[in-house]
Amino acid sequence: MQLSKKDLERRNAKEQMKQLGINPYPSELFPVTHYAKQIKQEFDERKADEFKEVTLAGRIMSRRIMGSASFAELQDSTGRIQFYVRRDDICPDEDKNLYNTVFKKLIDIGDIVGIKGFVFKTQVGETSVHVTELTVLTKSLKPLPLPKTDAEGNVHDAFTDPELRYRQRYVDLIVNPKIRETFKKRTQLVNTMRTYLNDKGYLEVETPILQPLYGGAAARPFKTHHNTLDMTLYLRIANELYLKRLIVGGYDGVYEFSKDFRNEGMSRFHNPEFTQVELYVAYKDYNWMMELVEEMIEKVAIDLHGTTKVPVGDKEIDFKRPWKRFTMFEAIEHFTGIDISEMDEAQLKETARKLNVPVDDTMGKGKLIDEIFGEKCEGNLIQPTFITDYPVEMSPLAKRHRTKEGLVERFEAIANGKEICNAFSELNDPIDQRRRFEEQLELGKRGDAEAMTLDEDFLRAIEYGMPPTAGLGIGIDRLAMIMTNSKSIQDVLFFPQMKPEKKSVVLSEDEEMVLGLLKKEGKMDLEILKSAANLSNKKWDKAIKGLTRHELAVVKKTDTSLDVILL
RNA sequence: GAUUCGAUAGCUCAGCCGGUAGAGCAUCUCCCUUUUAAGGAGAGGGUCCUGGGUUCGAAUCCCAGUCGAAUCACCA
């Protein structure tokens, strides 16, 4: 690794600390008595006695050295607090090294230290800790980006480059404290839902991520391989089929917070792995489930914001119950003025064309309706709204509607123009379920890459009998985006999926030269390349092995030749 | 996958009529015992994303690529 001058300076400072007998990475526990936020909230000059001795630990975020006294800021998990170091306080004897050398020269911004002292207010009124003892806890070898906020609240030199923020989230979390809040809210959101579901007596369970058959949603999976069993396994795209097996097994209510994986495009709404909660409750239907969703999400909003009203972009979304309800056909009629409820496939295709909704031949009736809805309605639904009663063709796991022909008892909740949950009265007629799976196989043959596969074991399970059940799935990332006012899914994932950082490979002169020759051709016969390189056998061997080790080139043997191929 | 925009010092950015690479903060040296975007004096720091091309000369113009962002498409 190439070290910058600043890297070297910090490494050097670390060595000097050691020479002065200071361990830059001590092992002993450091007993913290107070936190930054707590002191700033509670301190008052009349109560100075209560803050005669406080101990804090954290990272140094700024320094203002004024000769033999200094101000600096310490950042702990709760925030920042200023501290004041005076040479003659921390070095009462002749030896002034701790201040002059260690504090002023060897300690840098970014280092983690412990401070002990008393709390006071400076002449300008800033609550600060007057340090009497300073302990190095961890020497930092990398300089931090240093955003600063001026008196008007303007941030200067902010660390904003999304690529760096996502790739080095740890730095993002250090210098952009609001990011830490976003992720705390995300966890609170999950905690609220978990508490709510536990209080209802439902059982949190875990089901397989590696599955021999993937199912429960319309999506393309990730494929992997198990060596011992020598078989293909898929990463789950949904939990549905396993959770329903548990309802067959006799639990009244089961739920799972789970990472699911879909091998599809990435965007500000899509990450290849994402989090869902799925819930199944026996002896209930989709009407009952709508009420649960309203109540649970309203509770999330209140727990996170203290109110049902949540700011999202330039809008305000109010999660107060009850939410608006539309059937899918009503919604389409509302936004397009066209009643499609009685149309056949040809008429739907014609209508879609008229509305400028793109169509192709793989689309069946259900898919066409879904496209029209997605194109013309979904984005307009800002306030939380339930859309109910979907076409049977696009809901192969949902129960047929008790009164409306061709529809199923399904709903989605939509907020800020995006689906936040999907639920239905679960199909528990095994004969009908088999037929629906078979229809999916047909769609697959027509070219629908997301059509579902037929799961014989799941069918066997419901042949034993699954009670009438209501099922629900909520996209946690999407909900977290709304609840934290985040524009991108990457802002609610600590480590969003990204392409790997480009390896910076340092090549030898010979390797560079051979690579240069190869780059002109892309692919060359090994003997030709070798003679063009004009190296000794030994040097040639070293260069070509270096290139293949760095995965810049590969040597491939065919029946007739030995080729070197540029990667 | 498509289109548009971007990549210059550790961070944020300027330079882009082609002519030896700049600012603020950070870093280093010195001064400064209640400052707060502390201040003052001085110094160092760059494969201008990569590779080609045009040119006497390219950070700047052209082509290709890498990475990223935004919008759209598929999707939760």
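Chain naming here is simple, since letters A, B, ... match the order of the sequence lines and numbering starts at 1 in each.
With hydrogens and angles left out, the side-chain atoms of A:Gln82 and A:Arg64 include a donor and acceptor closer than 3.5 Å. A donor atom on one side chain and an acceptor atom on the other are found under 3.5 Å apart for A:Gln75 and A:Arg80. With hydrogens and angles left out, the side-chain atoms of A:Asn100 and A:Arg87 include no donor and acceptor closer than 3.5 Å.
Looking at residues two or more places apart in sequence or on another chain, you find a side chain to side chain contact (heavy atoms under 4.5 Å, CB included) between A:Lys52 and A:Asp49. With sequence neighbours left out, A:Phe326 forms a ring pair (Phe, Tyr, Trp, His ring centres under 6.0 Å) with A:His334. Checked against side chain to side chain contact (heavy atoms under 4.5 Å, CB included), A:Glu256 has the following partners two or more places apart in sequence or in another chain: A:Val205, A:Glu206, A:Thr207, A:Arg236, A:Asn239, A:Leu243, A:Ser258. By the salt bridge (charged side-chain N to carboxylate O under 4.0 Å, His left out) test, A:Arg169 pairs with A:Asp172, sequence neighbours left out. Residues passing the ring pair (Phe, Tyr, Trp, His ring centres under 6.0 Å) test with A:Phe411 are A:Phe386, sequence neighbours excluded.
Among B:A38, B:A69, B:U71, the nucleotide with an atom closest to any side-chain atom of A:Arg268 is B:U71. Checking B:U12, B:U71, B:U35 against every side-chain atom of A:Gln82, the shortest atom distance belongs to B:U35. Listed candidates were B:U35, B:A26, B:U33. Nearest to the side chain of A:Lys148 is B:A26. Residue A:Lys105 has its side chain nearest to B:C30 when only B:C30, B:U35, B:A69 are considered. Side-chain proximity of A:Arg167 to the nucleotides B:U33, B:C67, B:U35 is greatest for B:C67. Closest to the A:Met498 side chain, of the nucleotides B:U35, B:G68, B:C11, is B:G68.
Heavy-atom distances to RNA chain B give each of A:Val124 and A:Ile109 a nearest nucleotide, and the one nearer the 5′ end belongs to A:Ile109. Residues A:Gly67 and A:Asp477 each lie close to RNA chain B; by heavy-atom proximity, the contact nearer the 5' end of the strand is made by A:Gly67.
Spacing between atom NZ of A:Lys418 and atom P of B:A73 amounts to 9 Å, rounded to whole angstrom units. Atom CZ of A:Phe71 and atom P of B:A37 are 13 Å apart (whole Å). Spacing between atom CZ of A:Arg165 and atom C1' of B:C67 amounts to 17 Å, rounded to whole angstrom units. In this structure, the CZ atom of A:Arg86 is 13 Å from the P atom of B:U35, given to the nearest Å. Distance, A:Phe83 CZ to B:A38 C1': 16 Å, rounded to whole Å. The distance from atom OH of A:Tyr166 to atom C1' of B:C67 is 15 Å, rounded to the nearest whole Å. As rounded to whole Å, 10 Å separates atom P of B:C30 from atom CG of A:Asn100. Distance CD (A:Glu73) to C1' (B:A37): 10 Å, rounded to an integer number of Å.
The gap from the C1' atom of B:G46 to that of B:C11 amounts to 14 Å, rounded to the nearest Å. Going from the P atom of B:G45 to that of B:U55 covers 35 Å, rounded to whole Å. Going from the P atom of B:C16 to that of B:U33 covers 45 Å, rounded to whole Å. Here, B:A58 and B:C49 have their P atoms 15 Å apart, quoted to the whole Å. Going from the P atom of B:U4 to that of B:G65 covers 14 Å, rounded to whole Å. Spacing of P atoms, B:A70 relative to B:G57, comes out at 40 Å, to the nearest Å. The separation of B:C30 from B:U50, taken at their P atoms, amounts to 37 Å, rounded to a whole angstrom. Remark: the separation of the P atoms in B:U29 and B:C17 is 41 Å, to the nearest Å.
Within 4.0 Å of A:Thr149, counting heavy atoms only, lie sugar-phosphate atoms of the nucleic acid but no base atom. As judged by a 4.0 angstrom heavy-atom cut-off over every strand, A:Ile65 is placed among the base-contacting residues. The residue A:Lys104 sits apart from the nucleic acid: no heavy atom pair falls under 4.0 Å. The residue A:Glu9 sits close only to the backbone: its heavy atoms come under 4.0 Å of sugar-phosphate atoms, none of a base. Within the 4.0 angstrom heavy-atom criterion, only backbone atoms of the sugar-phosphate kind lie near A:Ala158; the bases stay farther away. Base contact: A:Ser267 has a heavy atom under 4.0 Å from a base atom. When heavy atoms are screened at a 4.0 angstrom cut-off, A:Glu126 is found touching base atoms of the nucleic acid. Nucleic acid contact for A:Glu273: none, since no nucleic acid atom lies under 4.0 Å from a heavy atom of the residue. A:Asn263 comes within 4.0 angstrom of no nucleic acid atom, judged by non-hydrogen atoms across all strands. Across all strands shown, A:Lys259 has no heavy atoms under 4.0 Å from either base or sugar-phosphate atoms. When heavy atoms are screened at a 4.0 angstrom cut-off, A:Gln490 is found touching the sugar-phosphate backbone but no base atom. A:Arg220 comes within 4.0 angstrom of no nucleic acid atom, judged by non-hydrogen atoms across all strands. Counting any heavy atom pair closer than 4.0 Å across all strands shown, A:Asp161 reaches sugar-phosphate atoms only and no base atom.
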Taking protein heavy atoms under 4.0 Å as touching, what does nucleotides 1-10 of chain B look like 5' to 3' if B marks base contact, S marks sugar-phosphate-only contact and - marks none? ---------B
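Using the Watson-Crick or G-U wobble rule with both distances under 3.5 Å, B:U27 pairs with B:A43. Figure legend. B:G18 is base-paired to no nucleotide; pairs are counted as Watson-Crick or G-U wobble with both atom distances under 3.5 Å. B:U55 makes up no base pair with any nucleotide shown, lacking Watson-Crick or G-U wobble contacts both under 3.5 Å. Both distances falling under 3.5 Å, in either a Watson-Crick or a G-U wobble arrangement, place B:U71 opposite B:A2. Of all nucleotides present, none satisfies the Watson-Crick or G-U wobble test against B:U36 with each distance under 3.5 Å. The pairing partner recorded for B:C49 is B:G65, the criterion being a Watson-Crick or G-U wobble arrangement whose two distances lie under 3.5 angstrom.
When the side-chain nitrogen and oxygen atoms of A:Thr122 are compared with OP1 and OP2 of B:U34, none of them lie within a distance under 4.0 Å. Look at A:Arg64 and you won't find any side-chain N or O under 4.0 angstrom from OP1 or OP2 of B:U35.
Using a 30° and 60° split on the angle between ring planes, A:Tyr99 and A:Phe103 fall in the parallel class, below 30°. The aromatic rings of A:Phe494 and A:Phe183 sit parallel, their planes meeting at an angle under 30°, below the 60° perpendicular limit.
Checking side-chain atoms of A:Asp89 against main-chain N and O of A:Thr132 turns up no donor-acceptor pair under 3.5 Å.
Taking the ring centroids of A:Tyr286 and A:Phe424, they lie at or beyond the 6.0 Å cut-off.
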